[in-house]
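Note that the numbering runs from 1 along the sequence shown for the chain. What you see below is based on every heavy atom in this structure, not just the backbone, and it leaves out hydrogens, waters and symmetry mates.
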Amino acid sequence: MTVLDDLAGGLVVSCQPLPDDPDDPMRDPYVQARVAAAVVRGGAVAVRANGPAHVRAILAAVDVPVIGLYKHGTADVFITPTAAHAVEVALAGAQIVAVDATDRPRPDGRGFADTVRALRDRTDALVLADVSTLAEGVAAVEAGADAIATTLSGYTAASAHAERPDLALVAELTAGVPVPVFAEGRYRDAEQVGRAFAAGAHAVVVGNALTSPLWLTRHLVSALGQETGASLGDR
């Protein structure tokens, strides 16, 4: 039994400020800890958090596992891009560390397997491999990943851009790898979450649609603008 078993069939909530907006007012460990406490009270079985300071603050506020990551830099690989980032997040207390496991070049020139080895050597944390394709998931398991997440589907050159979750990849990974598969990426309502579980997901991760007022407001304002433009055009 591992912490992954405790997450089976549950909702994981990503409590993070927007990575592409440095002025997001939610970019504060205390704020994210309060958000995490709220989603756990609502039934979340784990929280996904960005950076050592946020991991520590959230761990002090909740009694569920924290999946830590470390977004750094502007290169293609920016989710826990190096072994050093991964170890730092684990030492902050994250029981699971999420790492970009695509085959794209990393800032330190090392591979995903190096990050797995570093975590094994220095911490007890499990490794969640963020991938965009079935092939990447298979390779990540061969490199030692404890679980796979579809986080990067639609955001790499190897995967097709989409507005909706990649349920097909969830099903492919569930059938193709012997470890738990986390459905993540553009899950925004209960129907999509249910379909992910029907496709075989071990757990489902929801982020902005629950925890980012900035993203939600922009999304609604954008939709309002489009609808207003259409109605004015019809007049």
Under 4.5 Å between side-chain heavy atoms, hopping through other hydrophobics if needed: is there a path connecting [X] to [Y]?
| X | Y | answer |
| --- | --- | --- |
| V45 | V3 | yes |
| L216 | L210 | no |
| V181 | L7 | no |
| I67 | L59 | no |
| V62 | V97 | yes |

Please output the side-chain donor-acceptor pairs of residues 69-81 that fall under 3.5 Å, not counting sequence neighbours, one pair per line with the distance.
unit_1: K71; atom_1: NZ; unit_2: Q16; atom_2: OE1; d: 2.9
unit_1: T80; atom_1: OG1; unit_2: Y70; atom_2: N; d: 3.1
unit_1: T80; atom_1: OG1; unit_2: A98; atom_2: O; d: 2.6

Compare all side-chain heavy atoms of [X] with those of [Y] and state whether any distance is below 4.5 angstrom.
| X | Y | result |
| --- | --- | --- |
| P52 | R56 | yes |
| L91 | T123 | yes |
| V127 | R120 | yes |
| V131 | L173 | yes |
| L128 | R48 | yes |
| R106 | T82 | no |
| S212 | M26 | no |
| L11 | F197 | no |

Quick one: [atom1] on [X] to [atom2] on [Y], what's the gap to the nearest 0.5 Å?
| X | Y | atom1 | atom2 | value |
| --- | --- | --- | --- | --- |
| S14 | N208 | OG | CG | 7.5 Å |
| D24 | L18 | CG | CG | 5.0 Å |
| S153 | R186 | OG | CZ | 5.5 Å |
| T174 | L134 | OG1 | CG | 10.5 Å |
| T133 | D166 | OG1 | CG | 10.0 Å |
| S132 | D100 | OG | CG | 8.5 Å |

Taking all heavy atoms of [X] and all of [Y], pick out the closest pair and write down the distance.
| X | Y | value |
| --- | --- | --- |
| R110 | D114 | CB-OD2, 3.3 Å |
| H161 | G154 | ND1-O, 3.7 Å |
| I148 | A140 | CD1-CB, 3.8 Å |
| A33 | I58 | CA-CG1, 3.8 Å |
| A92 | V55 | O-CG1, 4.0 Å |
| V64 | A46 | CG2-CA, 3.8 Å |

Q.
Donor-acceptor check, side chain of D121 to backbone of A118, threshold 3.5 angstrom: yes or no?
A. no
Q. Would you find a donor on one side and an acceptor on the other, under 3.5 Å apart, between the side chain of T150 and the backbone of E184?
A. yes
Q. Would D6 and Q95 satisfy side chain to side chain contact (heavy atoms under 4.5 Å, CB included), going step by step from the backbone distance to the final call?
A. CA-CA 12 Å; D6 296 332; Q95 297 96 324; over 6 Å; no
Q) Has R195 got more than 12 heavy atoms of other residues, nucleotides or ligands less than 6.0 Å from its CZ? A) no
Q: Going by the side chain to side chain contact (heavy atoms under 4.5 Å, CB included) test, name the single residue among L119, L126, V179, V116 that passes it with D146.
A: L126
Q. Just one of V35, V205, V204, T211 clears the side chain to side chain contact (heavy atoms under 4.5 Å, CB included) bar with V13, so which one?
A. T211
Q.
V206 vs V39, test: side chain to side chain contact (heavy atoms under 4.5 Å, CB included). Steps then yes/no.
A. CA-CA 11 Å; V206 176; V39 299; over 6 Å; no
Q: Evaluate the side chain to side chain contact (heavy atoms under 4.5 Å, CB included) criterion for residues H54 and V47: first the C-alpha distance (whole Å), next the side-chain angles of each, then the deciding distance (0.1 Å), finally the verdict.
A: CA-CA 11 Å; H54 287 216; V47 172; over 6 Å; no
